Amino acid sequence: MSILSLKAVSKSFGALKVTDDVSFDLGSGEALGIIGPNGAGKSTLFNLITGNFPVDKGQIFLDGLDVTRESAMMRCASGIGRSFQIPQPFGRLSVYENLLVAARFGGTVPATEAPDFCMDILERTRLATLANREAGGLPLLQRKRLELARAMATRPRVILLDEIAGGLTEAECRELVDTIREIHAGGTAIIWIEHVLHALNSVVERLIVLNFGQVLMAGPPEEVMASRAVQEIYLGIEA
Amino acid sequence: MNNPCHTLSRVAATLLSLITIGALFAVPFFAPRAIVQDLFGVLTLLVLALNWNMLAGFAGLVSVGQQAFVGIGAYAMFAAVILWGLDPMVGILIGGLAATLFAIPMAFFTFRLNGAYFAIGTWVVADISRLTAGQWMALGGGTGTSLPKGTARDMFGVEAIKEVLDVSSAAAADALTYWVALTLTLLLLVASYLFLRSRMGLGLQAIRDNANAARSVGVDPVRIKVAVFIFTALGTGLCGALMFMQITRVTPDAAFSVIDWTAFVIFVVVIGGIGTLPGPIIGVAVFYCLQRLMADYGTAYLIVLGLLGIPIMLFARRGLWGTFVDRTGLEILPLRHLAPPRRCSEDVSRLAASQPANGMENRRSVTSI
């Protein structure tokens, strides 16, 4: 059964069509990767799914319910969690408080359980030692981890990860992949936008290629990566 | 928290605040009437500052229309006393209620605007209410009106205070308004602290830092901001009614004065430390001292205020208190939710062992007292 469905979703910024008639289903507990060149509309697609941008046309279903007109807050409460491509921490709150907000609001975790709940996530994302640090002062890796941790704290059933491995060293990237695998093993569905393909392909079961806002192709990672069209458009290999 | 040193300093701090509060309540028993009146002025300014700080410092709502609530509170109180013959103390409550009710439609219109537009929008609404108050002929129209003679003398509680303190009716009325102002200040401080420490307060601080990310973790910015707007309207309205009961005369220009009830308040909050709870207290103290020092120089004093405000806004953007906290790490009324201590203590030692000393870390670490 699919947990998230997009039906012919479109979005334009002025004359520029950034999302063009995109449809796909995400199975419950599935891990889906989205790739495509810069400007293909990947992050926009996330903003449409989370409700940060309104869609122009089409519908978005969560658990078969139409959430197209729901606000970002409501979608978070119904189980969509996200990380931002450019980390957006609550700068003057501590790392722990960043999670506490997410847990108490999006995750509706009761006050008495919230501290342990947040610390568990901080430990899983290797941020526990920085719990009382002000989030605005964190370096990039920790900011990226905080994005992931905060999304986890909303107790999502679908988690959207936007280029979370970009800019990390090989070792850091491996750690992150392990954490994402754990989340996936826990039954959370994942949609992951990533340019670091080997990291992405070691987790996801299916890939979607976006180009000029359209779904170019979809399928198992090996198949997609082997296709001529993808190599041409995405990897810039001449046919 | 389990640290005995912390517990001790916490007990000391609690004792010190209790003694301060007790001493403040006892002021009318030993101090001359002029001091009681001065302190009344300080406390009411503090109430306005606490409210504005909550709006601008925590909710990011830079309102330049707080005088609307002062004026509406004052006018509703005068109406209650003059037109309906109620006790002024009841009038103050009606003043607070009227301001709260007015905040609902005001929020409906002004919340469509953001940032500077919101500031101008609130100012416009306040000015419209000033002009409207000038049309209220039963309360003197544009020239305003006074409370009937003897209103203060007949006020609930004045007779009893007169007996106990053995003073004139006027002095007893001053003592009573002073106590009401002190109670209002303390209630507001406690309420602000509890609110900011609550789930809603945490959401509010998240919105202040990043509204877009806050929405994505399930925080509804509009709902919390409206709640703060209405809550501060109540505090400001009560304060307006109280101030004009003590003045005993109201005119539209005085009650809806943007200079007196918003501009000075902004100055107080900005120099004291916007977005911190003790900031307004420091700001009011500084403002009061300046006012006393330069009482004889007329308008030159406003120029000095401006000259003082500019360097603070440029070089100490978190105000006197914010700068003090940044430098010393000493925090009164900390709003931080600390991570559970069990793991935290173990983390601190791990952190010390594994990470190089970091200036930022030291500066940010907060000692609660």
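Below, chain A is the first sequence line, B the second, and so on; all start at residue 1. Note that the structure is predicted; figures quoted are calculated from it, not measured.
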TODO: Answer yes when A/Arg92 and A/Glu134 have at least one side-chain N-carboxylate O distance shorter than 4.0 Å, and no when they do not.
DONE: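 Salt bridge flag = no for A/Glu134 with A/Arg92.
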TODO: Please state whether the side chain, the backbone, both or neither of A/Pro156 comes within less than 4.5 Å of a heavy atom of chain B.
DONE: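 Answer is neither: A/Pro156 stays 4.5 Å or more from chain B.
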Open item on the list: With a 4.5 angstrom heavy-atom cut-off, is it the side chain or the backbone of A/Ala77 that approaches chain B, or both, or neither?
Closed with: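 No part of A/Ala77 comes within 4.5 Å of chain B.
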Open item on the list: Ring of A/Phe84, cation from A/Arg82 - is the NZ or CZ under 6.0 Å from the centre and inside 45° of the axis?
Closed with: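 Positive - A/Arg82 is close enough to the ring of A/Phe84 and near enough to its axis.
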- [ ] Determine the option with the most heavy-atom pairs under 4.5 angstrom with chain B, choosing from A/Cys76, A/Gly106, A/Ser71.
- [x]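 Option with the top pair count is A/Cys76.
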Open item on the list: Just so I understand: if I count every heavy-atom pair under 4.5 Å between each of A/Pro115, A/Ala111, A/Pro89 and chain B, which residue has the most?
Closed with: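 Looking at each option in turn, the highest pair count goes to A/Pro115.
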Open item on the list: With a 4.5 angstrom heavy-atom cut-off, is it the side chain or the backbone of A/Thr50 that approaches chain B, or both, or neither?
Closed with: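 Nothing of A/Thr50, per the 4.5 Å heavy-atom cut-off to chain B.
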Task: Nearest atoms (heavy-atom pairs only) where A/Glu30 meets A/His184 - done: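 A/Glu30 and A/His184 have their closest heavy atoms at C-NE2, 3.9 Å.
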Open item on the list: Under a 4.5 Å cutoff for heavy-atom pairs, which residue among B/Asp220, B/Val219, B/Leu335 has the most contacts with chain A?
Closed with: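 When all of B/Asp220, B/Val219, B/Leu335 are compared, B/Val219 has the most.
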Task: Whether over 12 other heavy atoms sit under 6.0 Å from A/Phe13 CZ - done: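 Yes, the 6.0 Å shell around CZ holds more than 12 heavy atoms from other groups.
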TODO: Can you measure from CD (B/Gln66) to CD1 (B/Ile266) and round to the nearest 0.5 angstrom?
DONE: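 Interatomic distance, B/Gln66 CD to B/Ile266 CD1, rounded to 0.5 Å: 9.0 Å.
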Task: Best-contacting candidate, A/Arg150, A/Arg75, A/Glu97, against chain B by heavy atom pairs under 4.5 angstrom - done: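 Greatest number of close heavy-atom pairs with chain B: A/Glu97.
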TODO: Could you tell me which of A/Leu93, A/Asn52, A/Thr154 has the largest number of non-hydrogen atom pairs under 4.5 Å with chain B?
DONE: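 Option with the greatest count: A/Leu93.
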Task: Test log, rule ring pair (Phe, Tyr, Trp, His ring centres under 6.0 Å), inputs B/Phe111 and B/Phe118 - done: CA-CA 7 Å; B/Phe111 273 53; B/Phe118 174 80; 5.8 Å; yes
- [ ] Please flag which part of A/Tyr96 lies under 4.5 Å from any non-hydrogen atom of chain B: side chain, backbone, both or neither.
- [x]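 When you check distances to chain B, only side chain atoms of A/Tyr96 fall under 4.5 Å.
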Open item on the list: To check you understand the geometry: which heavy-atom pair defines the closest contact between A/Ala153 and A/Leu99, and what is its length?
Closed with: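 For A/Ala153 versus A/Leu99, the nearest heavy atoms are CB-O, 3.7 Å.
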